[in-house]
Colleague: 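One structure, pasted below without further comment.
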Amino acid sequence: MCAKKTIIIDYFSQMQKIIISFIAFIISASLFAQNIDYAKTVINKLSSEEFKGRGFVENGDKIAANFIKSQLDSIGIKSLNTNFFQKFELPINTIQGEVNLSLEKTKINLGTDYLISPNAASSSGKYKVKTIKLSKISKYAKKDFSEKFLYINNDINTKESKKLYRELIYTNSFNARGFINPVDKPTHRQSMVVDSFTVLNIRKDLILNIPKYINIDFKNTFYENYQTQNVLGYIQGEVDSFIVFTAHYDHLGKQGNTATFYGANDNASGCSMLLNLADYLTKKEKPHYSIAFMFFSAEEAGLVGSAYYVNNSIFDLQKIKFLFNLDMVGTGEKGIRIVNSTIFTEEYDLLVKINDKENYLKQILKRGEAANSDHHPFYAKGVPAYFIFTTGGSSEYHNVYDKPEKLSLFAFENLLLLLSDFIDEYR
Ligand SMILES: [Zn+2]
């Protein structure tokens with residue numbers, strides 16, 4: 001018997017296997033080592049001061065769109081239409097230039113101390129502040145507050161009173177000049193309308209004593225038809241139907257000269273994921289399905305870019321086999337959560353199967369439908385679509401602190417690998 005020889009041969013073939021898999025490991029690791037650097041570069045770039053918060057002031061959206069287009073070009077991604085851009089218009093209100101607010105004689109800082117409601121019209125002057133109690137609200141029904149800022153003291157503090165409070169300051173049924181609204185951390189949003197009153201969202205600890213008067217000075221600029229653009233690319237697959245990846249690249253822009261909303265997590269992280277995935281996939285063999293990459297604008301104004309896309313799709317929406325929207329994927333200490341996963345269970349099961357095998361993410365949490373990001377206009381038109389976001393880590397949201405250094409990118413590589421494996425296995 002040649003037992004010994006067999007063992008030697010086995011030993012060599014084992015060694016060969018080990019060497020081959022080691023080389024494969026080195027190649028894939030270096031492929032990815034390069035990618036995580038690229039992921040950070042993209043997030044840092046999109047979240048830098050140069051990009052003006054990727055909103056509708058100082059051409060932030062256009063700077064970002066051009067950057068994404070140039071990245072797609074250099075990765076070797078083809079344009080879905082001509083020149084990658086799909087232009088559309090929307091109305092938008094902005095507050096640009098010098099902004100000043102003093103509580104009595106103390107000047108406070110825009111962005112960190114306070115933010116002005118995004119729907120505000122220009123305001124300039126000294127205004128008295130009147131405190132009124134929510135419990136006594138009916139008493140003030142006929143008073144003239146048109147030249148006053150109101151501070152409504154919610155002395156009832158129930159769920160219902162909180163709702164009433166919000167209604168009062170957002171609908172301004174008192175016809176006040178404005179409101180002082182105490183908040184833990186000033187947050188922002190986009191507005192497509194202008195109102196004649198102003199809500200000042202001021203950090204609570206700065207107004208422990210409500211000021212007797214304020215001095216305020218800022219100007220709004222309202223664009224009736226601001227032109228912005230989606231950015232659309234794809235990789236040709238074996239068949240003419242698509243797996244689509246979407247991410248909004250716009251954020252909240254700037255308020256005044258000094259408050260920049262960097263939007264590192266929301267959603268430079270998702271854009272980086274799409275660009276990294278595009279880069280990764282072009283280095284692999286041709287995929288079965290064609291893969292589209294859609295970077296939407298004006299998500300923050302109310303899913304405007306994706307809604308425009310579904311009504312002006314480059315190809316028949318029925319060709320979308322499945323869609324993944326990635327919005328806020330810069331953390332992942334606790335894994336990911338998937339909107340619509342309780343509806344499209346087959347795809348959820350496949351993701352979990354891959355994850356169980358490869359141990360990519362801590363957990364893949366379920367969630368039902370929610371109209372909270374760009375997957376929704378597609379889903380509403382019958383396209384099977386998920387919205388994935390990471391959980392755990394930084395919770396900075398719609399404020400001036402959503403910066404690259406807050407992001408751990410804990411699940412970034414592994415989420416990319418999970419999506420890539422899904423593309424390979426999904427039929
Ligand atoms: Zn957002």
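For ligands, and for the atoms within them, numbers begin at 1 and follow the listed sequence. Along the sequence shown, residues are numbered consecutively beginning with 1. These numbers were taken from a predicted model, which means no experiment stands behind them.
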Colleague: Taking the inter-plane angle between the rings of Phe67 and Phe51 on a 0 to 90° scale, is it parallel (under 30°), tilted (30 to 60°) or perpendicular (over 60°)?
Modeller: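 The arrangement is perpendicular - the two ring planes meet at more than 60°.
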Colleague: Is His251 close enough to the Zn ion (ligand 1) to have an N, O or S atom under 2.8 Å?
Modeller: no
Colleague: Does Lys403 pair with Glu396 as a salt bridge, N-O distance under 4.0 Å?
Modeller: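 No, this pair does not count.
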Colleague: Going by salt bridge (Lys or Arg N to Asp or Glu O under 4.0 Å), name the residues that satisfy it together with Glu425, two or more places apart in sequence or in a different chain.
Modeller: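 So Glu425 forms a salt bridge (Lys or Arg N to Asp or Glu O under 4.0 Å) with Lys353.
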Colleague: I'd like the atom name of the N/O/S atom in Asp266 lying closest to the Zn ion (ligand 1).
Modeller: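 Distance check against the Zn ion (ligand 1) picks out OD2 in Asp266.
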Colleague: So which atom in His398 and which in Asp266 form the shortest heavy-atom distance, rounded to 0.1 Å?
Modeller: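 For His398 and Asp266, the tightest heavy-atom pair comes out as NE2-OD2, 2.9 Å.
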Colleague: Is the distance between the Zn ion (ligand 1) and the nearest N/O/S atom of Glu300 smaller than 2.8 Å?
Modeller: yes
